[in-house]
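Shown next, in structure tokens, is the structure this report addresses.
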Protein chains: 2
Amino acid sequence: MSISSRFSVGIHILSLLEINKDGVNTSEFIAGSVNTNPVVIRKIMGMLKNAGLVKVRPGVAGAELGKDISEITMLDVYKAVNVVQEKELFGVHANPNPSCPVGKNIQETISPIFSAAQLSMEKALDNVTIMDVVKEIIEKGQGT
Amino acid sequence: MSISSRFSVGIHILSLLEINKDGVNTSEFIAGSVNTNPVVIRKIMGMLKNAGLVKVRPGVAGAELGKDISEITMLDVYKAVNVVQEKELFGVHANPNPSCPVGKNIQETISPIFSAAQLSMEKALDNVTIMDVVKEIIEKGQGT
DNA sequence: TTACATGTAACAATATAAGTTACAACTAAT
DNA sequence: ATTAGTTGTAACTTATATTGTTACATGTAA
């Protein structure tokens with residue numbers, strides 16, 4: 001199991017919008033960098049737009065960042081692209097037997113444990129911004 | 001997306017083995033508590049067995065715990081049932097365009113971020129034992 | 001009006017999860 | 001040694017999610 005790559009693609013898109021901010025970032029151009037279909041990009045862009053991370057308009061070519069990259073965290077992107085629902089990172093088996101003490105109480109017992117683990121992961125994502133990513137990409141690029 | 005319920009079922013099984021340690025815990029009995037098919041239980045039990053968390057033998061009815069429940073953490077179960085591979089909680093899009101500075105460096109840049117977030121989640125799982133779960137189940141049971 | 005972009009619906013291909021059937025291998029008890 | 005019952009697995013089905021793709025309506029600017 002892996003969390004959808006919409007997340008990594010979302011990060012890729014936002015980083016590209018910053019690094020190529022003087023160019024015209026059409027879905028086709030971005031798709032060329034990500035190496036996928038433009039429609040995939042447009043779908044993800046739609047989610048980023050709903051979250052206010054990106055500005056796009058029907059008919060007009062190119063997308064722009066909706067916020068300063070220092071104010072967009074990995075968690076913002078993660079939530080925008082809807083890869084994991086709240087408290088649902090861990091699947092829990094449905095309908096355990098209520099006439100068994102374990103079956104009756106297992107769900108309520110483990111769900112706070114799972115929620116805490118999920119929150120801990122999300123908190124880590126909140127500590128990194130697109131700016132951090134962009135800086136790192138540029139640094140690695142220098143090395144060439 | 002959710003992490004496979006094999007994990008929650010694994011926790012259920014181990015808790016049941018403790019709480020019903022004086023009974024004979026066949027796959028059919030456990031399946032009755034989890035409310036699934038006995039074969040599903042046997043598959044998961046096989047994984048728990050490989051990890052040394054459970055003792056089962058072909059032909060002989062009933063499973064037993066392989067370790068003291070205070071020494072089995074959620075992380076042990078999580079790893080045993082193989083729901084998430086190391087460094088693969090987050091999927092990353094393959095083959096980004098190497099002739100674009102972003103495409104060239106995005107994978108190397110985000111993978112440590114993703115690994116850190118995954119580790120943070122796993123660390124949280126390592127703080128809770130089956131004993132904690134069992135105690136909680138018993139407490140909730142008292143309230144009845 | 002035209003050229004070109006975005007926004008979406010609809011569909012295909014693939015992968016995984018979860019359940020199910022069937023049966024071989026094994027053990028303990030008679 | 002035979003039998004009854006259990007575990008261990010392979011094979012298959014069903015359901016769901018992801019990713020990619022085609023097609024086209026909608027919108028904008030020149």
Next on the checklist: Determine whether a donor-acceptor pair (N or O, by modelled atom type, separation under 3.5 Å) exists between the side chain of B:T26 and the backbone of B:A61.
Outcome noted: no
Checklist outcome for this item: Taken to the nearest whole Å, CD1/A:I41 to C1'/D:dT21 is 14 Å
Checklist entry - Closer to the 5' end of DNA chain C via nearest nucleotide, is it B:N82 or B:R57? => result B:N82
Item to check | Atom-pair distance (CZ on B:F29; P on D:dT7), nearest Å | outcome: 12 Å
Checklist outcome for this item: Whole-Å distance, B:I30 CD1 to D:dT6 P, equals 13 Å
Checklist entry - In whole Å, what is the span from the CZ atom of A:R42 to the C1' atom of D:dC24? => result 11 Å
Checklist entry - How many Å lie between NZ on A:K49 and C1' on C:dG7, as a whole number? => result 8 Å
Item to check | Nearest listed nucleotide, side chain of A:V39, among C:dG7, D:dG8, D:dT22 | outcome: D:dT22
Item to check | Distance, rounded to the nearest Å, where A:N37 contributes CG and D:dT22 contributes C1' | outcome: 9 Å
Checklist entry - Would you say the side-chain atoms of B:S115 pair up with the backbone N or O of B:S111, donor to acceptor, closer than 3.5 Å? => result yes
Checklist entry - Given atom CE of B:M1 and atom P of D:dT19, what is their separation to the nearest angstrom? => result 11 Å
Checklist entry - For the base of C:dT6, is there a side-chain donor-acceptor partner from A:K55 under 3.5 Å away? => result no
Next on the checklist: For A:V83 and B:P58, find the nucleotide of DNA chain D closest to each by heavy atoms; which residue's nucleotide sits nearer the 5' end?
Outcome noted: B:P58
Checklist entry - Side-chain N or O of A:S5 less than 4.0 angstrom from OP1 or OP2 on D:dT19? => result yes
Item to check | Whether B:S8 side chain and A:H93 backbone form a donor-acceptor pair below 3.5 Å | outcome: yes
Checklist entry - Which part of the nucleic acid, if any, lies within reach of B:V60 when heavy atoms closer than 4.0 Å are counted: base, sugar-phosphate only, or nothing? => result sugar-phosphate
Checklist entry - When all nucleic acid strands are considered with a 4.0 Å heavy-atom cut-off, which category describes A:G62: base, sugar-phosphate, or nothing? => result sugar-phosphate
Checklist entry - With respect to B:V77, which candidate in B:V133, B:I44, B:L14 satisfies the side chain to side chain contact (heavy atoms under 4.5 Å, CB included) definition? => result B:L14
Next on the checklist: Can you confirm whether the side chains of A:T129 and A:S70 place a donor and an acceptor under 3.5 Å from each other?
Outcome noted: no
Item to check | Presence of donor-acceptor pair under 3.5 Å, side chain of B:K43 and base of C:dT20 | outcome: yes
Checklist outcome for this item: From CE of A:M47 across to P of C:dG7 the rounded distance in Å is 13 Å
Item to check | Phosphate OP1/OP2 of D:dT7 contacted by B:S27 side-chain N/O (<4.0 Å) | outcome: yes
Checklist entry - So, is A:T36 near the phosphate of D:dG20, with a side-chain N or O under 4.0 Å from OP1 or OP2? => result yes
Checklist entry - Has B:S4 got a side-chain N or O lying under 4.0 Å from the OP1 or OP2 atom of C:dA18? => result yes
Item to check | C:dT6 OP1/OP2 closer than 4.0 Å to side-chain N/O of A:T26 | outcome: no
